[in-house]
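The residues of the chain are indexed from 1 along the displayed sequence.
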Amino acid sequence: MENETELRVIIFRDEDAWIAQCLEHDISAFASDMKTLKKRFMGVLAAEWNISLERNGEPLAGIDPAPKQFHDMWKKPKRPKKVNFAKSNTVIMAEAA
């Protein structure tokens, strides 16, 4: 049985790339545009979800939280948007201020 999970993902620009970094688990993706970034991040998240479920019996088990610097970026997120993921789980994506 899966527990409900809410994951926060901070989005920010670094030179020529957009980066999406999950805070609760150190999972990230990058792309040259926002549309591709969101699609790519959700694909990486799905892969990590399934691999850890298979290996550890629990989604995202064994994946440490993101480093503190990313948590600090979440203090005033811009335009947070909720996306449903894997049944009753939610991903909140927001741009860094």
Side-chain angles (χ1 to χ4, degrees):
M1 182 173 110
E2 294 177 17
N3 296 328
E4 286 188 29
T5 302
E6 185 173 273
L7 301 173
R8 297 170 297 155
V9 177
I10 194 71
I11 297 172
F12 60 97
R13 191 143 179 92
D14 186 20
E15 296 185 16
D16 294 336
W18 283 99
I19 300 171
Q21 173 67 54
C22 180
L23 302 182
E24 286 72 26
H25 302 279
D26 195 6
I27 299 169
S28 62
F30 67 93
S32 60
D33 62 85
M34 191 70 73
K35 183 177 179 181
T36 303
L37 176 67
K38 290 177 180 179
K39 185 183 278 188
R40 192 170 285 169
F41 179 82
M42 295 306 282
V44 170
L45 177 61
E48 292 288 356
W49 183 279
N50 291 327
I51 290 168
S52 62
L53 183 60
E54 183 180 304
R55 289 183 181 169
N56 303 314
E58 186 177 327
L60 308 178
I63 303 173
D64 291 333
K68 183 183 180 305
Q69 71 191 59
F70 298 110
H71 290 264
D72 292 344
M73 295 169 79
W74 188 264
K75 291 182 180 174
K76 293 183 181 178
K78 295 190 303 186
R79 296 185 282 284
K81 181 179 178 187
K82 287 188 177 189
V83 179
N84 290 332
F85 177 79
K87 297 182 185 172
S88 61
N89 302 288
T90 306
V91 173
I92 302 171
M93 295 184 141
E95 289 182 50

> Backbone N or O of Ala86 within a donor-acceptor pair of the Asn89 side chain at under 3.5 Å?
Replying inline: yes
> Is a side-chain donor or acceptor of Asn56 paired with a backbone partner of Glu58 at a separation under 3.5 angstrom?
Replying inline: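 No, because the side chain of Asn56 does not come within donor-acceptor range (under 3.5 Å) of the backbone of Glu58.
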Answer whether the closest heavy-atom distance between the side chains of [X] and [Y] falls below 4.5 Å.
X: Glu95; Y: Phe12; answer: no
X: Thr5; Y: Trp49; answer: yes
X: Pro67; Y: Asp26; answer: yes
X: His25; Y: Leu7; answer: yes
X: Ile11; Y: Lys78; answer: no

If you look at every heavy atom in [X] and [Y], which pair is closest and at what distance?
X: Arg13; Y: Ser32; answer: NH1-O, 4.2 Å
X: Thr36; Y: Ala31; answer: CG2-CB, 3.7 Å
X: Pro77; Y: Ala94; answer: CB-CB, 3.4 Å
X: Ala66; Y: Gln21; answer: CB-NE2, 3.4 Å

Taking atom [atom1] of [X] and atom [atom2] of [Y], what is their separation to the nearest 0.5 Å?
X: Cys22; Y: Leu45; atom1: SG; atom2: CG; value: 7.0 Å
X: Glu6; Y: Arg8; atom1: CD; atom2: CZ; value: 8.5 Å
X: Lys81; Y: Thr90; atom1: NZ; atom2: OG1; value: 13.0 Å
X: Met93; Y: Met34; atom1: CE; atom2: CE; value: 9.5 Å
X: Ile19; Y: Leu37; atom1: CD1; atom2: CG; value: 8.5 Å
X: Phe41; Y: Trp18; atom1: CZ; atom2: CH2; value: 15.5 Å

[Y] reachable from [X] in the ILVMFWY side-chain graph, under 4.5 Å edges:
X: Ile63; Y: Phe85; result: yes
X: Met42; Y: Val44; result: yes
X: Ile27; Y: Leu23; result: no
X: Leu60; Y: Val91; result: yes

>> Can you confirm whether Asp72 is buried at CG, in the sense that more than 12 heavy atoms of other residues, nucleotides or ligands lie under 6.0 Å from that atom?
In response: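 Yes, enclosed.
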